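Below is one structure, written out as C-alpha cells, with a few remarks after it.
Quick caveat, the model's predicted, so the values are computed rather than measured. Per chain, numbering begins at 1; letters A, B, ... match sequence-line order.
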4 protein chains.
Amino acid sequence: MGSLIGRHFRVMTFGESHGPALGVVIDGLPAGLALGLEDLRRDLERRRPGQSPYATARKESDEPEILSGLTEGGLTNGAPLAVLIRNRDARSGDYAAISRIFRPGHADWTYFKKYGLTPQPGGGRSSGRETVARVAAGAVARALLKPLGVTARAASLALGPVRAIKRDWDFAESNPLRFLDPDLYDQAEAAVAGAKKDGDSIGSAVELSARGLPVGWGDPVFDKLEAKLGRAFFSIGAVRAVEFGEGLALSAMLGSEANDPMGPEGPLSDRHGGVLGGISTGRELTARLFAKPTPSIAIDGDSVDLEGQPVKVATGGRHDPCLSPRLAPVAEAMCLIVLADFCLAGPAKWPPA
Amino acid sequence: MGSLIGRHFRVMTFGESHGPALGVVIDGLPAGLALGLEDLRRDLERRRPGQSPYATARKESDEPEILSGLTEGGLTNGAPLAVLIRNRDARSGDYAAISRIFRPGHADWTYFKKYGLTPQPGGGRSSGRETVARVAAGAVARALLKPLGVTARAASLALGPVRAIKRDWDFAESNPLRFLDPDLYDQAEAAVAGAKKDGDSIGSAVELSARGLPVGWGDPVFDKLEAKLGRAFFSIGAVRAVEFGEGLALSAMLGSEANDPMGPEGPLSDRHGGVLGGISTGRELTARLFAKPTPSIAIDGDSVDLEGQPVKVATGGRHDPCLSPRLAPVAEAMCLIVLADFCLAGPAKWPPA
Amino acid sequence: MGSLIGRHFRVMTFGESHGPALGVVIDGLPAGLALGLEDLRRDLERRRPGQSPYATARKESDEPEILSGLTEGGLTNGAPLAVLIRNRDARSGDYAAISRIFRPGHADWTYFKKYGLTPQPGGGRSSGRETVARVAAGAVARALLKPLGVTARAASLALGPVRAIKRDWDFAESNPLRFLDPDLYDQAEAAVAGAKKDGDSIGSAVELSARGLPVGWGDPVFDKLEAKLGRAFFSIGAVRAVEFGEGLALSAMLGSEANDPMGPEGPLSDRHGGVLGGISTGRELTARLFAKPTPSIAIDGDSVDLEGQPVKVATGGRHDPCLSPRLAPVAEAMCLIVLADFCLAGPAKWPPA
Amino acid sequence: MGSLIGRHFRVMTFGESHGPALGVVIDGLPAGLALGLEDLRRDLERRRPGQSPYATARKESDEPEILSGLTEGGLTNGAPLAVLIRNRDARSGDYAAISRIFRPGHADWTYFKKYGLTPQPGGGRSSGRETVARVAAGAVARALLKPLGVTARAASLALGPVRAIKRDWDFAESNPLRFLDPDLYDQAEAAVAGAKKDGDSIGSAVELSARGLPVGWGDPVFDKLEAKLGRAFFSIGAVRAVEFGEGLALSAMLGSEANDPMGPEGPLSDRHGGVLGGISTGRELTARLFAKPTPSIAIDGDSVDLEGQPVKVATGGRHDPCLSPRLAPVAEAMCLIVLADFCLAGPAKWPPA
C-alpha cells in the first residue's frame with residue numbers, strides 16, 4: 001500500500017479511520033531545526049473536523065504526540081520524527097448497518113476486490129481521516145521551509161458552480177467555507193447549504209499558492225516540479241483534476257499569448273505558474289485542484305451487497321457536504337511535502353560551492 | 001536529474017536533442033516475453049517527426065537498436081532491456097544564433113540558473129525529442145500488457161478552441177492532426193493552419209483511454225492510480241492540466257449526480273474514469289491532458305541575453321505548430337509505463353494463491 | 001537518516017534510546033495474514049534486556065502496541081502496520097556525566113560532526129536499543145513467511161576466542177549466552193565472565209541459518225540475495241565482518257574443491273550457503289556475522305571532551321559484556337526482513353501463471 | 001532484475017556476456033564536471049581481459065562511447081550520462097556444447113528455475129563481463145570525487161593460501177596478479193600457476209582502501225557506510241565474505257583493545273576502518289573482500305543436463321584462474337559508486353550554511 005512519499009524528505013503515514021491511531025514517520029530531516037507541538041497543532045487545527053456547520057460533526061481533538069526525532073532542547077536531531085494522533089471519536093456503530101454494502105463513489109468495492117476484505121468501519125485506510133497524518137507531515141515541512149522564506153496557502157476557489165473571481169486570502173481564513181471571494185460568498189454558501197439541506201453534497205475546488213521558492217527546484221524529465229506535485233495532489237482522495245498556472249486555459253491560447261516574456265530576473269509574467277521546464281522560476285507557484293462531491297450522502301443510491309444483491313443505500317455517519325474547506329490544508333500539506341523534498345536535494349553544480 | 005520512473009518496471013531514459021543518441025534502459029522485465037524491433041518501430045513511427053505539414057520538419061528515422069535483454073530467440077531474458085536511438089538530423093547550426101538568449105516559454109533560463117550552463121542546442125535534455133525514449137519504453141510496456149488484454153490509445157481532443165464532441169478513434173488515426181471528431185475537423189485544421197501561417201503556435205488537448213484493466217491496480221494513499229498517472233502525465237513538458245473521468249466537471253456536480261451506481265460487477269457508469277479509491281475498477285480508464293502552445297514560434301518575443309540585456313527573439317529551428325498529434329503517443333507511452341508498473345506488483349492478498 | 005529498508009516490504013523505524021518510544025511502520029504487507037501481539041512478543045522477548053547476567057540490566061518490558069494495519073478480526077488489512085514500544089527505564093542521569101565527552105568506539109563524535117549535536121543520552125538513535133524496532137519488524141516478516149515454510153534462527157557462534165565446533169540449536173536456546181556448542185560452553189562462559197569481571201567487554205560472532213526458501217529469491221547484479229543481506233547485516237551497529245556459506249574459507253580453496261556438484265534438484269552440497277548467482281538454491285542459507293566487543297566498558301579510555309581537551313572516560317550505564325546473545329535475534333530479524341521483501345516481489349516469468 | 005544502485009548517484013547497468021553491448025546510465029550527476037573518454041579508459045583498461053597469462057584470453061578492446069550527458073565542451077550537463085561498450089569477441093560457439101548443462105558453481109540452474117531460460121552463452125547477465133559497466137560507472141564516480149580529494153584503490157591481498165603481509169601498492173600495480181607483497185609474490189604466483197596448470201582455479205582476496213573522505217558520510221541505521229558498501233561488495237559475483245577495519249579479528253578482542261582512542265581530530269588509530277556508527281571518521285576506509293575460486297574449470301565436475309540426467313562437465317571457454325586481479329578494479333568501482341552517492345546527499349544540518 002503506497003504509504004510512502006518523498007526521496008529526501010521521506011514520509012510514511014499509517015492509520016485507519018476507526019483504528020487506534022494515525023500517524024506519520026518522517027525520515028531525512030536534517031538536524032538543528034526548532035520544532036514543537038505548536039507547529040503541528042496550528043496546521044492540524046485548520047484541518048480538524050467538527051468546527052463548522054459545513055464539516056463533519058465527528059469530534060476529534062487531533063492532539064499530536066511527538067515520539068522521536070527531537071533533542072531535549074526541541075531541535076530535530078537528524079533521526080526520524082514520528083508523530084502519533086489517537087482516534088477519539090470513532091463511532092463504528094454508525095457503520096455497522098452498511099458493512100455488508102458497497103457504498104457508491106467509495107473505495108469499498110475496489111478494496112474488497114483487491115484485498116479480499118469486507119468494508120471496514122469508516123472506510124478504514126481509504127477514509128479522508130487518513131489526511132490528518134499528511135497535515136502533520138506538512139506542518140513539519142512548513143517549519144523546515146520557513147527559514148528559507150518559502151510559504152504555501154490554499155483556499156476554496158469554487159463551491160459547486162460558484163467560482164471565485166476575487167482572491168481575498170484574509171477573507172478566506174475568516175469564513176467557514178474558506179471561500180476566496182467575499183462578493184460571491186453568499187452565493188457559494190447557498191450552494192453548499194442547499195446541498196446539505198437535501199442530504200446531498202457538492203463538488204468544489206481549491207486554489208493553492210506557494211511563494212518564496214528559489215529558482216531551481218524541480219528536476220527535468222520525470223521529476224519535474226509539476227510531476228511531483230501532480231502525484232501529490234492526485235493522491236488526495238477526491239481530486240479529479242489539477243492544473244498549474246493558467247492551466248487548461250493555455251490549451252486554447254496561441255503561443256504568442258502564452259509565452260511569458262523574460263527579463264533579467266526571470267519571467268516577467270506568470271502564465272506558467274512558477275515553473276518552466278519542470279523547474280521553479282522563483283515566481284509564485286499556483287495550482288488548482290478540483291474535487292468531486294463527497295460521495296457520502298443521505299440520499300439513496302443504487303448499489304449491491306456482498307452477495308451481489310441490489311440494495312438502496314444512503315450513507316449514515318458524519319460527513320462534510322463539500323470538501324474544499326478541509327481539502328485546502330491537505331493541499332497545502334502535500335505541496336509543502338513536495339517542496340521540502342526538493343529543498344533537501346543535493347548539489348546541481350559541481351564541485352559544490 | 002529525474003530520469004527514472006517506476007518501482008517494478010523501472011525506466012531510465014537518457015539523451016539530448018542534439019547529442020549522439022537517446023535511449024532507455026528498462027529494469028524489471030520478467031523473462032519469456034516475445035519482443036522485437038517491430039514492437040518498438042510501430043510506436044516510434046507514430047511519434048516520429050517530419051510526417052505531416054503540422055509537425056516539425058526535422059527528419060529522423062528513429063530506428064531503434066536493442067542492446068540487451070533478449071535471448072537469441074527474441075524473448076526477454078529477465079535482464080535490463082536497453083534501446084538506443086541515434087540522432088541523425090540534429091542541425092545545431094539552427095541554434096547557434098540563439099545560444100546566448102533565453103527563449104521565452106522554454107527551460108533555457110531555469111536550466112541556466114540551476115545547472116550554470118548556457119542554452120544547449122535544441123534545448124538539450126529539455127527538448128521534446130527526449131520523449132522518443134519514453135515512447136520506446138511505452139512500446140515495451142504495451143507488449144508486456146498485451147497478454148493481459150490491456151490497451152491504451154490517445155488522440156487530439158482539442159486544437160486551440162476547437163474541442164471534439166464525437167470520439168471517432170479510427171478517424172483520429174487517419175488524419176494528420178489525430179483529431180477525434182470528423183465533423184469538426186475542418187474547423188480544427190483551420191485553427192492550426194492559421195497559427196502556422198502566422199508563425200505562431202496553438203494549444204491543444206489529448207484524450208487518453210485505457211481498456212482491459214483488471215480490478216485492483218493502484219495502491220491507496222500516495223500511489224493511487226491517478227497519482228502515478230498524474231505524475232507521469234505532468235512529466236510531459238507542455239502539459240499544464242490533467243483530469244480523470246468527468247474530471248473538472250465533477251467539481252460543479254452534486255453528489256447524487258456524481259456517484260456511479262454499483263452493480264455486482266462494479267460501477268454501472270463511469271463518471272469516475274475507471275478508478276475508485278485510487279484502484280482500477282475494470283472499467284475504461286479515461287484522462288485528458290491539456291497542453292500549452294509550442295513555445296517555439298517565429299514571432300518576436302521579449303527576452304534577455306546571457307548578460308541580461310533585452311532582446312527580441314523569434315525561435316528558428318523546426319517545430320510543431322501544435323503538440324497534441326505528437327503528444328498523443330507520448331501520453332499513451334506514459335500511461336502504459338505506469339500500468340506496466342502495476343502489472344508487475346506483488347500479491348495484495350496472503351498467502352498468495 | 002537511513003531508517004528505511006525494503007522495496008516491497010518497506011520498513012521504516014524510529015526512536016531513540018532515551019526518547020519517549022521506539023517503533024516501526026511497515027508498508028507493503030498484503031491483506032489477510034493473521035497477526036497478533038503474541039507474534040511480536042515472542043521475538044521481542046528474545047531480544048529484551050535485563051534477562052541474564054550477561055545482558056544489560058536495563059529493565060524494559062518492551063510491550064508492543066499495534067496502532068494500525070489490522071482488521072477487527074486480527075488480519076492484516078493491506079494498510080501499513082505500525083508498532084509502538086514505549087521506553088520505560090531510560091535513566092538519562094547515567095549519561096549526564098558523559099554528555100560532554102566523546103565515548104571511544106561510539107558514534108558520539110561522528111554524530112557530533114555530522115549533525116552538530118552534543119552526545120545524546122544513551123547514544124540517542126545510535127544506541128543498540130534502536131534494534132527493538134527491527135525485531136518487531138522481523139516478527140511481522142516471520143509471520144508473513146510462515147505460511148511459505150520459511151524460517152530463520154541465529155545463535156552465538158563465537159564468544160571472544162572460543163568458537164563453537166558443534167551446532168546444537170536447542171542447547172543454544174537454553175543457555176544465557178545462546179552459545180551453540182555444549183562442549184565448549186564452559187570455556188565460552190569463562191571468556192565472557194572474565195571480561196565482565198574486569199569491567200571489560202569481548203567480541204563475538206553469530207551464526208544464522210534460514211531454511212525453507214524456495215528456489216529463485218534474489219535478483220542478479222545489485223540485488224543479489226547476499227547483497228541485500230549484506231547490507232542488512234552490516235547495518236547492525238557492531239558487525240564488522242559477514243560471510244555466506246563457507247565464506248572466507250572459500251578464498252583459500254581450489255575451484256575443484258569449492259564447486260558444489262549439481263543434481264536434478266539443485267546443488268548436492270552447500271558450500272555456497274544457499275545462494276548461486278545471487279539467487280536462492282532452496283538449500284539452507286547460512287551466514288556468519290562477526291561483532292566487535294561492546295564499546296561501553298568500565299575501563300578508562302582516552303578521549304576528548306567537546307572542547308577537544310583530553311579526558312579519561314569509562315562508560316557508565318548498563319551494557320552487555322558481549323553482543324552475540326542479543327545480536328542473534330536482531331540478525332534473525334534482518335534476515336527475515338530481507339526474505340519478506342523477496343517473497344513479495346512480482347513475477348519473474350511472463351505471462352504470469 | 002536488480003540492475004539499479006544508488007539514491008543520488010543512480011546507476012543502472014545493462015548487457016550480457018554475449019549480447020551486442022554492455023553499458024550504464026548514471027542519473028543524478030551534477031553539472032559542470034569535466035569528464036572525458038580518458039577518464040573511462042583508464043579504469044576500463046585496468047579491468048580489461050586478455051592482458052596477462054592469469055586472465056581470460058578473451059580479447060575485448062572495451063572502448064567506451066559516451067552517448068549523452070556532456071556539453072560540447074566536455075562538461076557534465078546535469079543530464080544522465082550513458083556509456084556504451086560493445087562486445088567484440090563473444091565466441092558463443094565455445095558455449096554451444098554446454099548450453100544444455102548446468103555448470104556447477106554457476107548461476108545456470110538458479111536462472112533456469114527463476115526465469116525459465118536455458119543457460120545463455122557465457123552466462124548471459126550472470127557473467128563477470130557484466131562488471132565492465134560497473135567499472136565505467138566507477139570511473140565517473142572517481143572523476144566526481146576527485147575535486148573533493150577522495151580516492152580509492154584495491155589490490156590482491158591473498159591468492160589461495162598465500163596472504164600478503166606487506167602492503168606495497170606500487171608493486172601491486174606493477175605485477176600481473178596485482179599482489180600486494182613483493183616478498184611473497186613468488187609463492188603467490190606459484191599457487192595460481194599451479195592451479196592453472198591443472199586446469200583448476202583458486203580463491204583469492206582483495207584489499208580496498210579509500211582515502212580523503214570527509215567526516216560525516218554515511219547515515220545511521222540502514223544506510224550506514226558499511227551497509228551500503230556491504231551491499232555493493234556482495235553484489236560482486238564471487239564475493240563470499242567482507243570485512244571492514246580489523247574486521248573478523250575484532251570478534252576475538254576485548255573492548256579495551258578494540259576501542260580506538262579519540263583525539264580532537266577524531267580517532268587516533270583505525271581499528272574501526274574509517275567508520276564509526278556507520279559514519280565516516282575521515283580516516284582511511286579499509287575493507288577486505290574474499291572471493292571463491294572461479295567456478296569455470298577444465299576439470300570434470302558432476303552435474304545434470306536440462307532433462308536432469310547426470311553428466312560430467314568441464315567448462316570450456318576462457319577464464320581467469322583466480323579473480324582478485326580483475327576483482328580489484330571492480331571493488332574500487334563499487335566503493336566509488338557508493339561514496340559518490342554519499343557525496344551527493346543533501347544537508348545534514350538546518351538551515352543549510
Side-chain angles (χ1 to χ4, degrees), chain C residues 1-3 5 102 104-105 107 110 113-114 116 125-126 160-161 200-203 205 215-216 219-224 226-227 230-231 234-235 240-241 243-244 247-248 250-256 258-259 261-262 264 276-277 279 290 292-295 297 299 301-304 308 348-349, chain D residues 1-3 5 102 104-105 107 110 113-114 116 125-126 160-161 200-203 205 215-216 219-224 226-227 230-231 234-235 240-244 247-248 250-256 258-259 261-262 264 276-277 279 290 292-293 295 297 299 301-304 308 348-349:
Chain C
M1 200 176 267
S3 295
I5 195 167
F102 302 114
T110 47
K113 299 297 275 188
K114 184 175 181 107
R125 186 73 174 141
S126 76
D200 211 336
S201 64
I202 197 164
V215 186
D219 284 313
V221 193
F222 303 125
D223 291 347
K224 292 190 170 82
E226 307 97 311
R231 178 210 177 178
F234 276 121
S235 79
R240 307 309 295 156
E243 61 179 1
F244 293 95
L248 201 140
L250 286 162
S251 71
M253 285 188 202
L254 295 171
S256 52
N259 284 346
M262 297 294 294
L276 271 179
I279 297 171
F290 299 87
K292 67 177 185 179
T294 324
I297 53 177
I299 297 171
D302 289 311
S303 191
V304 289
K349 296 177 200 169
Chain D
M1 199 177 267
S3 295
I5 193 166
F102 302 114
T110 48
K113 299 298 275 189
K114 183 174 183 108
R125 187 71 176 143
S126 76
D200 210 336
S201 65
I202 196 164
V215 186
D219 284 312
V221 192
F222 303 124
D223 290 347
K224 292 189 171 82
E226 306 97 310
R231 177 210 177 180
F234 276 120
S235 79
R240 307 310 293 155
V242 169
E243 61 180 0
F244 294 95
L248 201 141
L250 286 162
S251 71
M253 286 187 202
L254 295 171
S256 52
N259 284 346
M262 298 293 294
L276 272 177
I279 297 171
F290 299 87
K292 69 176 185 180
I297 53 177
I299 298 171
D302 288 312
S303 192
V304 290
K349 296 177 198 168

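Looking at residues two or more places apart in sequence or on another chain, you find a side chain to side chain contact (heavy atoms under 4.5 Å, CB included) between Ser251(C) and Phe290(D).
Checked by atom type and distance alone, the side chain of Ser235(D) never pairs as donor or acceptor with a backbone atom of Ala227(C) at under 3.5 Å.
Residue contact with chain C, scored on non-hydrogen atoms closer than 4.5 Å, involves the backbone and the side chain of Val242(D) alike. Residue Ala348(D) touches chain C through both its backbone and its side chain, counting heavy-atom pairs closer than 4.5 Å. Both the backbone and the side chain of Leu254(D) have a heavy atom closer than 4.5 Å to some heavy atom of chain C. Residue contact with chain C, scored on non-hydrogen atoms closer than 4.5 Å, involves the backbone and the side chain of Ser256(D) alike. Residue Ile299(C) touches chain D through its side chain alone, counting heavy-atom pairs closer than 4.5 Å.
Residues Leu276(D) and Thr110(C) come closest through the heavy atom pair O-OG1, 2.9 Å. Minimum interatomic distance between Ala241(D) and Leu248(C) (heavy atoms only, all atoms of both residues): CB-N, 3.7 Å. Annotation for Ala107(D) and Gly277(C): closest pair CB-CA, 3.6 Å, computed over non-hydrogen atoms. The heavy-atom pair separating Gly308(C) from Pro264(D) by the smallest distance is O-CG, 3.8 Å. Asp223(D) and Gly2(C) get closest at one heavy-atom pair: OD2-CA, 3.3 Å.
Your options are Gly216(D), Gly230(D), Ser201(D), and the one with the most heavy-atom pairs under 4.5 Å with chain C is Ser201(D). Contacts with chain D were tallied for Thr294(C), Asp200(C), Ile202(C); Asp200(C) has the most, counting heavy-atom pairs under 4.5 Å. Here Ser3(D) is the residue among Ser3(D), Pro261(D), Gly301(D) with the most heavy-atom pairs under 4.5 Å with chain C. When each of Pro295(D), Ala258(D), Ser126(D) is scored by its heavy-atom pairs under 4.5 Å with chain C, the top score falls to Pro295(D). Of the residues considered (Val304(D), Asp302(D), Val221(D)), Val221(D) shows the highest number of contacts with chain C, using heavy-atom pairs under 4.5 Å. The candidate with the highest count of non-hydrogen atom pairs below 4.5 Å against chain C, out of Glu243(D), Lys349(D), Lys292(D), is Lys349(D).
The aromatic rings of Phe234(D) and Phe244(C) sit perpendicular, their planes meeting at an angle over 60°, well past the 30° parallel limit.
Within the 4.5 Å cutoff, side-chain heavy atoms of Lys114(C) are placed close to those of Asp219(D). Within the 4.5 Å cutoff, side-chain heavy atoms of Arg240(D) are placed close to those of Glu226(C).
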